[in-house]
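Have a look at the structure below before the remarks.
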Amino acid sequence: MLRQVVGDLYQIGESVQGEDGWHEAVRVYVLLNDGCPLVFDSGSHVHRGQIMAELKELLGDAPVGYVFLTHTELPHTGNISAILQEWPEAKLVVSSAILPHCELPWWVKDEQVQYSQAGTESVYAGRRISFSDGILKDQPGTHWMFDARTGALFTADAFGYFFPQSAATSFDDELEDGVPADWLQRYHLNAFRFLPLVDGAKVVSDIAKVFAKRDVQVIAPTHGNAIRGNVPQCVTRFNEAIMGIRQ
């Protein structure tokens with residue numbers, strides 16, 4: 001699903017059907033960045049054909065400059081090999097909290113990898129990207145990235161949601177009333193099985209700190225379409241979903 005989100009930010013990827021007719025997205029995000037594209041996660045190898053086709057269509061003759069990995073789980077790293085084969089000069093940007101000898105494929109060269117630390121920011125091909133620790137994570141090294149130019153916060157698995165087939169290609173502002181809290185809760189209970197044991201108020205508080213420090217105009221989850229129309233509404237419904245899990 002190749003679509004422009006806002007500015008030079010685009011979304012590609014596919015959706016898969018799960019239980020009871022609910023669908024789950026696997027999205028990859030791209031900042032065109034004036035001819036040196038920045039790619040956020042690489043998607044699952046299951047969707048390699050469409051993801052690579054859409055990536056090539058979007059980029060044209062521009063080679064991938066950097067691939068930012070939120071973490072090293074397969075739905076986020078499954079197409080690294082295809083991307084590096086197509087654009088061998090691309091660099092990988094990963095969290096300094098990962099174990100590179102365990103979590104990165106053996107064929108990734110050391111000189112291709114750059115490490116970032118939560119709480120820092122760096123410039124990549126003229127684009128300033130900041131990093132924060134992932135508040136919700138299924139791997140210890142998960143980090144989130146923020147692009148101030150588009151206001152996009154790349155949140156890995158957090159803020160994903162399940163949706164009916166009719167909403168597979170819709171952004172939140174194209175739905176009648178945005179993304180419902182029920183869609184968010186269904187997904188998060190599936191993705192983060194530990195949530196019933198977690199203090200929801202602490203999660204909500206930590207999420208609020210992330211947004212308080214950034215002018216977030218877009219939430220870009222891997223397992224949902226980008227939230228671009230009403231970010232405060234989405235955060236409120238996310239909070240409702242999290243707080244309702246232990247009710």
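In this chain, residues are counted from 1 in sequence order. Values below: all heavy atoms of this structure, side chains included; hydrogens, waters and symmetry mates excluded.
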* To do: List the steps, then state whether side chain to side chain contact (heavy atoms under 4.5 Å, CB included) holds for Val210 with Trp144.
  => CA-CA 10 Å; Val210 173; Trp144 295 354; 4.2 Å; yes
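- Closest non-hydrogen pair, Ala156 versus Thr142, comes out as CB-CG2, 4.1 Å.
- With Arg3 as the partner, the salt bridge (charged side-chain N to carboxylate O under 4.0 Å, His left out) test is satisfied by one option alone out of Glu57, Glu174, Glu54: Glu174.
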* Apply side chain to side chain contact (heavy atoms under 4.5 Å, CB included) to the pair Val64 and Leu84, showing each step before the final yes or no. => CA-CA 9 Å; Val64 171; Leu84 293 183; over 6 Å; no
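- Across all their heavy atoms, Ala25 and Gly224 have their closest contact at CB-N, 3.7 Å.
- For the pair Leu55 and Ile83, the minimum side-chain heavy-atom distance is below 4.5 Å.
- Between Asp215 and Gln217, the side chains place a donor N or O and an acceptor N or O closer than 3.5 Å (distance only, hydrogens not considered).
- Side-chain atoms of Tyr187 do not come within 3.5 Å of backbone N or O of Ala158 as any donor-acceptor pair.
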* Asked: Could you walk me through whether Leu32 and Tyr10 pass the side chain to side chain contact (heavy atoms under 4.5 Å, CB included) check?
  -> CA-CA 8 Å; Leu32 292 182; Tyr10 287 77; 3.6 Å; yes
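- The side-chain hydrogen bond (donor to acceptor under 3.5 Å, both in side chains) pairs that include a residue from residues 87-99 number zero, where partners must be two or more places apart or lie in different chains.
- Under the 4.5 Å side-chain heavy-atom criterion for ILVMFWY residues, a single connected hydrophobic cluster contains both Tyr115 and Leu92.
- Taking CD from Glu240 and CD1 from Ile245, the interatomic distance works out to 12.5 Å, rounded to the nearest 0.5 Å.
- Less than 6.0 angstrom separates the ring centroid of His188 from the ring centroid of Phe238.
- Of the residues listed (Asp147, Val5, Val39), the one engaging Leu31 in a side-chain contact (heavy atoms from CB on, under 4.5 Å) is Asp147, and it is the only one.
- The shortest side-chain heavy-atom distance between Phe159 and Ile227 does not fall under the 4.5 Å cut-off.
- Taking the six-membered ring where tryptophan is involved, the planes of Trp183 and Tyr161 are essentially parallel, since the angle between them stays under 30° and well short of 60°.
- A distance of 7.5 Å separates CG in Leu2 from CD1 in Ile12, rounded to the nearest 0.5 Å.
- Leu9 and Leu153 are not part of a single hydrophobic cluster, where members link through side-chain heavy atoms under 4.5 Å apart.
- Between Arg48 and Glu14 there is no salt bridge, since no side-chain nitrogen of the basic residue lies less than 4.0 Å from a carboxylate oxygen of the acidic one.
- Here the CD atom belonging to Glu73 is positioned 10.0 Å from the CG atom belonging to Asp41, to the nearest 0.5 angstrom.
- Judged purely by atom type and a 3.5 angstrom limit, Asn230 has no side-chain atom pairing as donor or acceptor with the backbone of Gly178.
- Side-chain contact between Val67 and Val93 is absent, with no heavy-atom pair separated by less than 4.5 Å.
- Ring centers of Tyr66 and Tyr124: under 6.0 Å apart, within the cut-off.
- Without hydrogens or angle criteria, Thr236 side chain to Pro232 main chain gives a donor-acceptor distance under 3.5 Å.
- Between Val235 and Phe211, the closest side-chain pair of non-hydrogen atoms falls below 4.5 Å.
- Within the 4.5 Å cutoff, no side-chain heavy atoms of Lys202 are placed close to those of Val198.
- Going from atom OG of Ser132 over to atom CD of Glu121 covers 12.0 Å, rounded to the nearest 0.5 Å.
- Ion pairing of Asp8 with Arg127 is present here, as a side-chain N (NZ or NE/NH1/NH2) and a carboxylate O approach within less than 4.0 Å.
- Annotation for Ala241 and Leu184: closest pair CB-CB, 4.2 Å, computed over non-hydrogen atoms.
- Electrostatic pairing of Asp61 and Lys56 does not count as a salt bridge here, judged by no charged N lying under 4.0 Å from a carboxylate O.
- Formation of a donor-acceptor pair under 3.5 Å by the Gln50 side chain with backbone atoms of Gly13 is found in this model.
- In this structure, CD1 in Ile80 is found 5.0 Å from OG in Ser42, a value given to the nearest 0.5 Å.
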* To do: Take Asn190 and Phe162 through the side chain to side chain contact (heavy atoms under 4.5 Å, CB included) test and state the conclusion after the steps.
  => CA-CA 10 Å; Asn190 182 77; Phe162 289 151; 3.7 Å; yes
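- No hydrogens or angles considered: nothing links the side chains of Arg228 and Asn225 as a donor-acceptor pair under 3.5 Å.
- Asn33 places a side-chain N or O within 3.5 Å of a backbone atom of Ala125 that can act as its donor or acceptor partner.
- Hydrophobic clustering places Phe194 together with Ile135 (ILVMFWY residues linked when any side-chain heavy atoms are closer than 4.5 Å, directly or through intermediates).
- Nearest heavy-atom pair, Ala226 versus Phe171, reported as atom, atom and distance to 0.1 Å: O-CD2, 3.3 Å.
- The two residues Pro196 and Leu189 come nearest to each other via the heavy atoms CG-CD2, 4.1 Å.
- Remark: His143 engages Phe131 in a ring pair (Phe, Tyr, Trp, His ring centres under 6.0 Å) (not counting sequence neighbours).
- Between the CG atom of Leu58 and the CD atom of Gln4 there is a distance of 9.5 Å, given to the nearest 0.5 Å.
- In the hydrophobic cluster analysis, where Ile, Leu, Val, Met, Phe, Trp and Tyr join through side-chain heavy atoms closer than 4.5 angstrom, Leu136 is grouped together with Ile219.
- Evaluated for a ring pair (Phe, Tyr, Trp, His ring centres under 6.0 Å) with His76, the options His47, His45, His71 yield exactly one hit, His71.
- Under 4.0 Å is where a charged nitrogen must lie from a carboxylate oxygen, and between Lys137 and Asp206 no such pair does.
- Atom CD of Gln114 sits in a crowded spot, with more than 12 heavy atoms from other residues, nucleotides or ligands closer than 6.0 Å.
- Judged purely by distance below 3.5 Å, without hydrogens or angles, the side chains of Ser15 and Glu24 never pair a donor atom with an acceptor atom.
- Nearest heavy-atom pair, Ser170 versus Leu175, reported as atom, atom and distance to 0.1 Å: CB-CD2, 3.7 Å.
- Between Phe154 and Ile129 the shortest side-chain heavy-atom distance does not fall below 4.5 Å.
- Phe68 and Val113 fall into different hydrophobic clusters, defined by Ile, Leu, Val, Met, Phe, Trp and Tyr side-chain heavy atoms under 4.5 Å apart, directly or through other members.
- A donor-acceptor contact shorter than 3.5 Å is absent between the side chain of Gln11 and the backbone of Val28.
- Residues His223 and Pro75 form a side-chain contact, since some pair of their non-hydrogen atoms from C-beta on lies under 4.5 Å apart.
- Residue-environment remark: CG (Asp199) exceeds the threshold of 12 foreign heavy atoms within 6.0 Å.
- Side-chain atoms of Phe163 and Pro180, non-hydrogen and from C-beta on, never get closer than 4.5 Å to each other.
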